[in-house]
Structures are given as C-alpha cells and as structure tokens.
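Quick notes on the structure that follows.
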2 protein chains.
Amino acid sequence: MSDLVTRLRRHNWRITPQRRVIAETLEGSHVHFTAEQILERAVERMPELSRATVYNTLNEMVALGEVLELTFDGRSKRYDPNADHEHHHLICEGCGLMKDVHAMADPVDWLPGDERHGFTVTRASIAYRGLCPECQAAS
Amino acid sequence: MSDLVTRLRRHNWRITPQRRVIAETLEGSHVHFTAEQILERAVERMPELSRATVYNTLNEMVALGEVLELTFDGRSKRYDPNADHEHHHLICEGCGLMKDVHAMADPVDWLPGDERHGFTVTRASIAYRGLCPECQAAS
DNA sequence: TCCTAGCTTAGACTAGGTCTAAGTCAAGAT
DNA sequence: ATCTTGACTTAGACCTAGTCTAAGCTAGGA
Ligand SMILES: [Mn+2]
Ligand SMILES: [Mn+2]
Ligand SMILES: [Zn+2]
Ligand SMILES: [Zn+2]
C-alpha cells in the first residue's frame, strides 16, 4: 500500500487495478519518470495496460493535485509523486539529471505587489540549472 | 536596426536576410512567441522563408545566449528576446498569459550548499503561477 | 572565376501526446 | 442475484511540435 495510493483514495476516486499499478510505479521511484517510462515499467506487472490509460491516469492524478507535472525541457513531461512536500528542482544541463532541492525561502514572498500585475499568485517553482559532478568532470 | 540584431552581430554570426527578419520579428514584440507564431509573422515579410530556417535560427540564437527558450507548459516552446535582463515569469493558469516579473533577490542565494549535491549552480528561474485579473473575474 | 563552407529549402519523418469508438467493469437500485 | 448506468479501459488512428535529409543556393576567399 503506497503512500500515493492512500492519498488518492481520499478523493473518492476509484482505485482500479490499472490505476493502482500506475500509482505504485510512480511512488516506488525516487526519480521523475516520463509517461513512457511509467508505461514501460507498469506493463511488466500488467501486460495489457494501455498507453491511453497511463496518460489519462497521470492527468487525473495531476488534476487531483497529488502528482506534479514537470516540463523543464521541451521534451516529455515528467511526473513527480512528491506533491505533498514543497520542493524545487536542480537540473544538470549536461545530462538532464534532476534532483529535488529545498530553498531557504518561499519565492512567493520575494515577488513585490507591484510586480504581480493584478494576478492572484498561488505558487512558485524554481528551476536551478548547472552541471552535476559527472558532467563537470567530463568537460 | 533592432537591439537583438546588434547583440547577435557581436558573435560574428552571419546576419542573412532570413536571420534578420526572424530576429526583428522576435524583438519587435513584448510577448513570448512560439516558433510557429514567429514563422507566421516573419512570412508576411519574407514569404519564401521556411519552417526549418526558423527552427534552426531560433536554436542558434538560444545557443549564443541571446534568446531564452521557455517551456512552461508541455506544449510549444516560447522564445524570449529579453535574455540580457534577468527576470522571471508569472503565468496565468487559466489562459496562459505570461508576464515578465522581477524578484527582490536572486534565488541562487537561497539554495544552501548542502542542497547542491555537488552541482555547480549557474542560474535559476522562477515560474510564478496564479490567475490573471480576467480569469479571476471569469471564475 | 572557381571552390568551399555555410545557409536555406521542401517535405518526409519522429515522438509525445490526444482522441475516438467500441467494449468492459463495478457500484447502487431493484 | 440481476439489472442498469456511468465510469473505465482498450487499440489504434490521429495531431502537432520539432528534427532530419538531400538538394540547391550564396557569399567570400584563393
Ligand atoms: Mn521532485
Ligand atoms: Mn520574459
Ligand atoms: Zn550531468
Ligand atoms: Zn488568465
């Protein structure tokens, strides 16, 4: 019983076998998988699982606010089960490696009122970029 | 003579008629266009301009560091000629409207050393999200 | 003038993601 | 227990952003 499944259950959202496998595949990892990677892994446990269900399910979990959708490169979206812990990301520009990081301040507090253009600002995420140790050595 | 063209000239990079039209199309706007929008507009001035040249040219300007590539949604990339002024973005979750904003501090300073995982951190960008005045009224 | 490297082109191609139409399933009503 | 109905799943067609290819075009240097 994964923590993500527990959180999903609270939204009286039907936990079908397919949805459970997808959620457990996401939760089991400490990385940020693409939809295709999730399909690839989930299919090992449920071979008849379809691509459409993976995409539908991920989109629903994002809509419920229990999974984050990350789009740092222009390539595939990545899915992050860690939606209940505020955090940011550190991305290697060499190899794409992505780490969770925690900043010392909430960036929303650093946006002055006259820079808000009348918006209601609900959240902010920081993308830190640099080179990981391996890519530093390689260059 | 646009400011972006002036900056590009410094990299001894051939300013062909196509590249000039693309750069001026980008520069002339205060918004964040997609490649297709740039093609659409540039073609009004140079009808034989090709899609491939627009993509090649945008990628080169990004590689030169004179244009920023923004990927906030999982859809098309957006191009920002304002690469010489450090800034962040405020995005409406309702309609996608994107505004430039300036924070009161550099987020790199808020990332403690023990959160850097051995990376060299070179830059950080903040994506603020919320609802624009129009989308607030509509909801 | 000729050569060469770089630039541009049309259009084929790829990959990520969405949509459709048909079939399956499961919770609540009877 | 069976029925009903809406929700869920499926295969595969489809869409769109972006890349690649092969051929032709340019411009600057020898
Ligand atoms: Mn994360
Ligand atoms: Mn901008
Ligand atoms: Zn790296
Ligand atoms: Zn809006």
Side-chain angles (χ1 to χ4, degrees), chain A residues 5 8-26 32-64 66-80 96 98, chain B residues 5 8-9 11-26 31-64 66-80 96 98:
Chain A
V5 172
L8 289 166
R9 207 183 282 289
R10 290 192 197 119
H11 296 270
N12 71 332
W13 184 65
R14 237 164 95 182
I15 309 286
T16 65
Q18 290 87 347
R19 288 175 176 182
R20 169 185 298 280
V21 168
I22 293 165
E24 289 178 356
T25 301
L26 241 191
H32 302 86
F33 284 143
T34 65
E36 290 297 327
Q37 290 173 323
I38 292 162
L39 174 60
E40 213 171 86
R41 283 162 176 77
V43 149
E44 292 171 8
R45 289 177 55 190
M46 183 179 277
E48 73 283 13
L49 180 68
S50 73
R51 168 189 318 285
T53 295
V54 172
Y55 277 99
N56 288 342
T57 299
L58 290 170
N59 286 339
E60 284 156 16
M61 295 189 306
V62 170
L64 292 175
E66 298 297 352
V67 166
L68 298 176
E69 191 177 76
L70 309 175
T71 57
F72 291 130
D73 52 8
R75 294 181 182 135
S76 26
K77 294 172 187 164
R78 292 177 174 272
Y79 293 90
D80 186 337
M98 194 182 300
Chain B
V5 172
L8 289 167
R9 206 183 284 290
H11 296 270
N12 72 330
W13 184 64
R14 236 163 96 183
I15 309 284
T16 65
Q18 289 87 346
R19 289 175 175 183
R20 169 185 299 279
V21 167
I22 292 165
E24 289 178 355
T25 301
L26 243 191
V31 301
H32 303 87
F33 284 143
T34 65
E36 291 297 328
Q37 290 174 324
I38 292 162
L39 174 60
E40 212 172 88
R41 283 164 175 76
V43 149
E44 292 172 10
R45 288 178 56 190
M46 182 179 276
E48 72 282 13
L49 179 67
S50 73
R51 167 189 319 282
T53 295
V54 171
Y55 277 98
N56 289 342
T57 300
L58 290 171
N59 285 339
E60 286 156 14
M61 295 189 306
V62 170
L64 292 175
E66 299 297 351
V67 166
L68 298 175
E69 191 177 75
L70 308 176
T71 57
F72 291 130
D73 53 8
R75 296 185 182 130
S76 26
K77 293 172 189 165
R78 292 177 173 272
Y79 293 90
D80 186 336
M98 194 183 299

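So that the names make sense, note that chain A is the first sequence line, chain B the second, and so on, each numbered from 1. We use all heavy atoms of the structure for the numbers below, so side chains are in, but hydrogens, waters and symmetry mates are not.
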Between A:Arg9 and A:Ile15 (side chain of the first, backbone of the second, donor and acceptor by atom type, cut-off under 3.5 Å), is there such a pair?
no
Does B:Arg14 put a side-chain nitrogen or oxygen below 4.0 Å from OP1 or OP2 of D:dT26?
no
Would you say a side-chain N or O of B:Asn59 is under 4.0 Å from OP1 or OP2 of D:dT19?
yes
Report yes if a side-chain nitrogen or oxygen of B:Gln18 is closer than 4.0 Å to either non-bridging phosphate oxygen (OP1 or OP2) of C:dT9; otherwise report no.
yes
To the nearest Å, how far apart are B:Ile15 CD1 and D:dT26 C1'?
16 Å
Find the bend of the helix from C:dT1-D:dA30 to C:dT30-D:dA1 as the angle between its two terminal axes (five pairs each), to the nearest 10°.
20°
Could you state the CZ-P distance from B:Arg20 to C:dT8, rounded to the nearest angstrom?
13 Å
Taking DNA chain C as the partner, which of residues 37-50 of chain B come within under 4.0 angstrom of it by heavy atom?
B:Glu48, B:Leu49, B:Ser50
Checking A:Arg19 side chain against A:Arg14 main chain: does a donor-acceptor pair fall under 3.5 Å?
yes
Under 4.0 Å from OP1 or OP2 of D:dT10: is there any side-chain N or O of A:Thr53 that close?
yes
Is there a side-chain polar atom (N or O) of A:Tyr55 under 4.0 Å from OP1 or OP2 of C:dG17?
yes
Are A:Leu70 and A:His32 packed together at the side-chain level, in the sense that at least one heavy-atom pair is separated by less than 4.5 angstrom?
yes
Compare all side-chain heavy atoms of A:Pro17 with those of A:Met46 and state whether any distance is below 4.5 angstrom.
yes
Ignoring backbone atoms, test whether B:Arg19 places a side-chain nitrogen or oxygen under 4.0 Å from the OP1 or OP2 oxygen of C:dC7.
yes
From C-beta outward on B:Ser76, which listed nucleotide comes closest to its side chain: D:dG12, D:dA17, C:dC7?
D:dA17
Phosphate OP1/OP2 of C:dG16: any A:Thr34 side-chain N/O under 4.0 Å
no
Using whole Å, report how far CZ of B:Arg51 lies from P of C:dA10.
10 Å
Would you check if B:Gln37 and B:Arg78 make a side-chain contact, meaning some heavy-atom pair closer than 4.5 Å?
yes
Give the rounded distance in Å between these two atoms: CG of B:Asp73 and P of C:dG16.
17 Å
Name the residue closer to the 5' end of DNA chain D, choosing between B:Lys77 and B:Pro17 according to the nucleotide with the nearest heavy atom.
B:Lys77
B:Glu69 has an atom CD; how far is it from atom P of D:dA17, in whole Å?
15 Å
Please find the pair of heavy atoms, one from B:Asn59 and one from B:Tyr79, that lie closest to each other, and give the distance.
OD1-OH, 4.1 Å
Give the rounded distance in Å between these two atoms: CZ of B:Phe33 and C1' of D:dG18.
19 Å
Expressed as a whole number of angstroms, how long is the span from A:Tyr79:OH to C:dG16:P?
12 Å
Kindly indicate, with the supporting measurements, whether the criterion side chain to side chain contact (heavy atoms under 4.5 Å, CB included) is fulfilled by B:Leu58 and B:Met61.
CA-CA 5 Å; B:Leu58 290 171; B:Met61 295 189 306; 3.6 Å; yes
Which whole-number value in Å describes the distance from B:Met61 CE to C:dC7 P?
14 Å
Test item: A:Thr71 side-chain N/O and A:Lys77 main-chain N/O as donor-acceptor pair under 3.5 Å:
no
Any carboxylate oxygen within less than 4.0 angstrom of a Lys/Arg side-chain nitrogen, looking at A:Arg10 and A:Glu66?
no
Within the 4.5 Å heavy-atom criterion, are A:Ile22 and A:Leu49 side-chain neighbours or not?
yes
